[in-house]
Visitor: 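I have a structure here, written as structure tokens, and I will follow up with some questions on it.
Start at 1 and go down the list; that is how both ligands and their atoms are numbered.
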Amino acid sequence: MLLAKTSRQVPPRTYNARVTHALGLDEKIKVTGGAVLNGEVGVLGAKNAVLKEMVAMLMAPGVHRLTNVPGILDVSIMGQVLDHIGASCEFEGHTLIVEVPDDLNPEAPLELVRAMRASIIVLGPLLARTGRARVAFPGGDDLGSRPIDWHLDSLRQMGAEFTLEHGVLTGRVDGRLQGAALDLEFPSVGATENTILAAVLADGETIINNAAREPEIQDLADQLNAMGARIDGAGTHTITIDGVRELHPVDHHVIGDRLEAGTYAVAGAITGGEVTVRNCDPANLRMELRKLEEAGCEVERGQDSFVIAGPKRAKAVDFATLPFPGFHTDMQPQMVALLASAEGTSIVTENLYDSRFRYIGELARMGADVTTEWQHAVVRGVPTLSGCPVLAFDIRAGAALVLAGLAADGFTTVSDVSHIDRGYEDFVGKLASLGAQIERLAG
Ligand code: UD1
């Protein structure tokens, strides 16, 4: 991976962040509660789109460009995956230029799959391009067990065979993958994407029933269609893909990150401030904004931006996480941070991940009154949280604890911030620009 021009957006230290994390030398974020956040903040491209769009580039030899790419740790890890496969990546500001060779090394090693589970999305593209794939089998991660059986089921029905030996999944297909009519057991984002990526170069038509409808999947389909693919119905439950013989490189602008946008929305809400969030279509965050309105926020929606004004004290709200257009599981911890000091009792149901409530213990250190039972959390709002040292377990949990600190009494230090770096570029700088009293400290 070429790093010559990356220094500002993807600082070199991020490449070592996992190691630093393992050594316990991770940096901390210190936030002093009480400041009311006001002003404007712009979000960058969606992490959950750009990672797949980087992999989509492997589908066509030549020089590709992605613009609006966030300088986050997960993008650098995916850059290393592409590098291992044989592509070279170069950043110019928020533009990523990737040169894809004719011949690929169809492999994703354990250290990269461990560092970022989303690396397994290379499976479909590698099988489609080379007929082979050797990918370390992903175990569980911070959010729970997270199997990939539905990815493999779809690829099998398209003619691939898999063996699992010594922790490495080897896939092969004789000739081209074959189009198939597929019924997903659940609208899984990753299984839908892996199948689309495999099907664009397959022989014949693939139909994915019960497909995931996330906006990031539509954005991936737009990129692939511009490359010459024939994908119809992305954003609906039925996606039809007519396989083509080859694709060509394109320039693609990554859709705005609704999760980054939603996080800044909660920052405004939790401090009773007024924040304008730019570069994100509020329709992609409609359930989350609706629930923030139920909690007492006022929201004004524009085309590619929105303004949110927080109440003096939020009201309790019940919600359940679901695939799009339901409430996003990756916004659940931030919303719970808000509800922890709301008036009344909220019931939160987590339908996606078995370990997503792990951060609640840290929130309880700050005085939150939350009981969890299986996938339910009962959040009894307390008048104020109280700042203290806490630990980030994953990207969104880390962001949520910082948000809780914004409204807490005294100061909060959040450790293991490399988790936050996985999904947010300059989180501290953006919150500070809105008026937060926040700084990053060496570990
Ligand atoms: C993606 C997002 C993640 C988000 C999630 C749900 C990326 C990089 N990550 O993850 O941030 O939280 O969508 O919106 O885009 N499952 C299986 N078998 C499978 C596949 C999934 O049992 O083969 C289960 C998962 O364990 C989970 C649920 O299905 O409980 C949904 O997972 P999925 O939609 O596939 O999420 P990801 O694509 O992994």
Visitor: Quick one, Ile217 and Phe324 - any side-chain contact, counting heavy atoms below 4.5 Å?
Guide: no
Visitor: Considering only heavy atoms from C-beta outward, does the side chain of Val348 approach that of Val379 to under 4.5 Å?
Guide: yes
Visitor: Taking any residue with a non-hydrogen atom under 4.0 angstrom from an atom of ligand 1, which ones do you get?
Guide: Asn48, Lys52, Arg117, Ala118, Arg146, Pro147, Ile148, Asp149, Trp150, His151, Phe186, Ser188, Val189, Gly190, His328, Thr329, Asp330, Leu352, Tyr353
Visitor: Ring-plane angle category for Tyr424 and Tyr264, please: parallel below 30°, perpendicular beyond 60°, tilted otherwise.
Guide: perpendicular
Visitor: Only one of Lys430, Arg396, Lys47 clears salt bridge (Lys or Arg N to Asp or Glu O under 4.0 Å) with Glu260; which?
Guide: Lys430
Visitor: Per the ring pair (Phe, Tyr, Trp, His ring centres under 6.0 Å) rule, what does the pair list look like for residues 201-227, sequence neighbours excluded?
Guide: none
Visitor: Output yes when Glu294 and Lys291 qualify as a salt bridge under the 4.0 Å nitrogen-oxygen rule, no when they do not.
Guide: yes
